[in-house]
Protein chains: 2
Amino acid sequence: MNATEILKLHEIKKTPGRIAIINALVNYNQPLSENEIKAEMQEMYDRITFYRNVQALTQAGIIHKIVIDNTTVKYGINHCDHGHQHQNEHAHFFCEQCHSVVCLEEVKIPEYNLPSGYKCTESDIIIKGKCKKCNQ
Amino acid sequence: MNATEILKLHEIKKTPGRIAIINALVNYNQPLSENEIKAEMQEMYDRITFYRNVQALTQAGIIHKIVIDNTTVKYGINHCDHGHQHQNEHAHFFCEQCHSVVCLEEVKIPEYNLPSGYKCTESDIIIKGKCKKCNQ
DNA sequence: ATACAAATGAAACAATGTTGCAAATATAAA
DNA sequence: TTTATATTTGCAACATTGTTTCATTTGTAT
Ligand SMILES: [Mn+2]
Ligand SMILES: [Mn+2]
Ligand SMILES: [Zn+2]
Ligand SMILES: [Zn+2]
């Protein structure tokens, strides 16, 4: 499924900026940062439009935002093409050496035993270390 | 144990700014943001010194930094007074209504089953939802 | 082709965090 | 108590990340 089809399926407008973001994520096949996507977009990149587009793509359920720490954010394509909002919740791995991020689809987010009175709506797991390539 | 004793124990210099940060965290008995600590410090707060001090206190093992998302950071006092670096790893809860953070000391960080080749050095769990007070 | 809602891009702003450097201060030794 | 020195402070200046307003442009359905 290409960018045009993805946008149509999720009922948001097809624009060059959105297509470029989706293509970057699909081609690299891993989550990318703003700067990494910017490098792919070249002269057509505009910062304000970029932020609005990642917000729109996130809301539409096409991509997900991965916050590694207060200064590192990556965006990953959603592979749950089944329906709309069915974001399959998984952990993320961050390599401290090469700064790549991997969606660990097989590491699911569990239910936690919270103290009484606390209710969970969402949770995030960030695992930091050294990735496969960097360990070779 | 008061701020002066904590600083001496961890062998870093006793300064008014560091004492104020420690006192704020101890008095509130929960993790606080820069602005929340700033409010406690009043006129003696200086932004640059604050950042350098939280870095020094973190390195010394006196406090820990809790990154909720790319725009929300809190600092919590370490209760593992036993030795120096023995940060007992636990999950953190963030209330989306009142924005308070709670150290869930009883929710330990587990070992995850990573794909072969990946090595973990550290991991973070952020659980978001509604806290006890906000659920009443 | 037209109409209209949605998206874009410029300017201006806000929040968060860092670096270089001279002055001030905490602490240990004399 | 005074002195010496490494550490810390606070200012200025800067970098990065993200948001808001508003006029213009563009995508899409009719
Ligand atoms: Mn992912
Ligand atoms: Mn904690
Ligand atoms: Zn790596
Ligand atoms: Zn709450």
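Keep in mind that the numbers below use all heavy atoms, side chains included, and drop hydrogens, waters and symmetry copies. A note on names: the letters A, B, ... follow the listed sequences, proteins ahead of strands, and every chain is numbered from 1. This one's a predicted model, so the numbers in the text were calculated from it and none came from an experiment.
Paired with B/Ile62 under the rule side chain to side chain contact (heavy atoms under 4.5 Å, CB included), one option of B/Leu9, B/Leu57, B/Asn78 passes, and it is B/Leu57. Of the options A/Glu40, A/Lys38, A/Glu34, a side chain to side chain donor-acceptor pair (under 3.5 Å) to A/Tyr45 is made by A/Glu34 and by none of the others.
Between B/Phe50 atom CZ and D/dC11 atom P the separation is 17 Å, expressed in whole Å. Whole-Å rounding puts the A/Asp69 CG to C/dT16 P distance at 15 Å. Between the C1' atom of C/dG17 and the CG atom of B/Asn53 lies a distance of 15 Å, rounded to the nearest Å. Taking atom CG on A/Asn35 and atom P on D/dT16, their separation rounds to 9 Å, with Å as the unit. Separating the CD1 atom of B/Ile19 from the P atom of D/dT9 is a distance of 10 Å, rounded to the nearest angstrom. Atom OH of A/Tyr45 is separated from atom P of C/dT8 by 14 Å (rounded to the nearest Å). Distance B/Lys38 NZ to C/dG17 C1': 14 Å, rounded to the nearest Å. Rounded to whole Å, atom P of D/dT8 lies 10 Å from atom CD of B/Gln59.
Side-chain N/O atoms of B/His92 and B/His64 include a donor and acceptor closer than 3.5 Å. Remark: the B/Glu36 side chain and the B/Tyr28 side chain contain no N/O donor-acceptor pair separated by less than 3.5 Å.
Between A/Asn70 and D/dT17 there is no side-chain polar atom (N or O) within less than 4.0 angstrom of OP1 or OP2.
Residues B/Ile66 and B/Cys103 approach most closely at CD1-SG, 4.4 Å, considering heavy atoms.
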Just by protein heavy atoms under 4.0 Å, how would nucleotides 19-30 of chain D read 5' to 3' in B, S and -?
-> BBB-----BS--
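Between B/Glu34 and A/Met44, the residue anchored closer to the 5' end of DNA chain C is A/Met44, taking for each the nucleotide with the nearest heavy atom. Residues B/Asp46 and B/Thr71 each lie close to DNA chain D; by heavy-atom proximity, the contact nearer the 5' end of the strand is made by B/Asp46.
Aromatic ring pairs are classed by plane angle as parallel below 30°, tilted from 30° to 60° and perpendicular above 60°; the pair A/Phe94 and A/His99 is parallel.
Looking at A/Ser100, its side chain never comes within 3.5 Å of a backbone N or O of A/Cys95 through a donor-acceptor pair.
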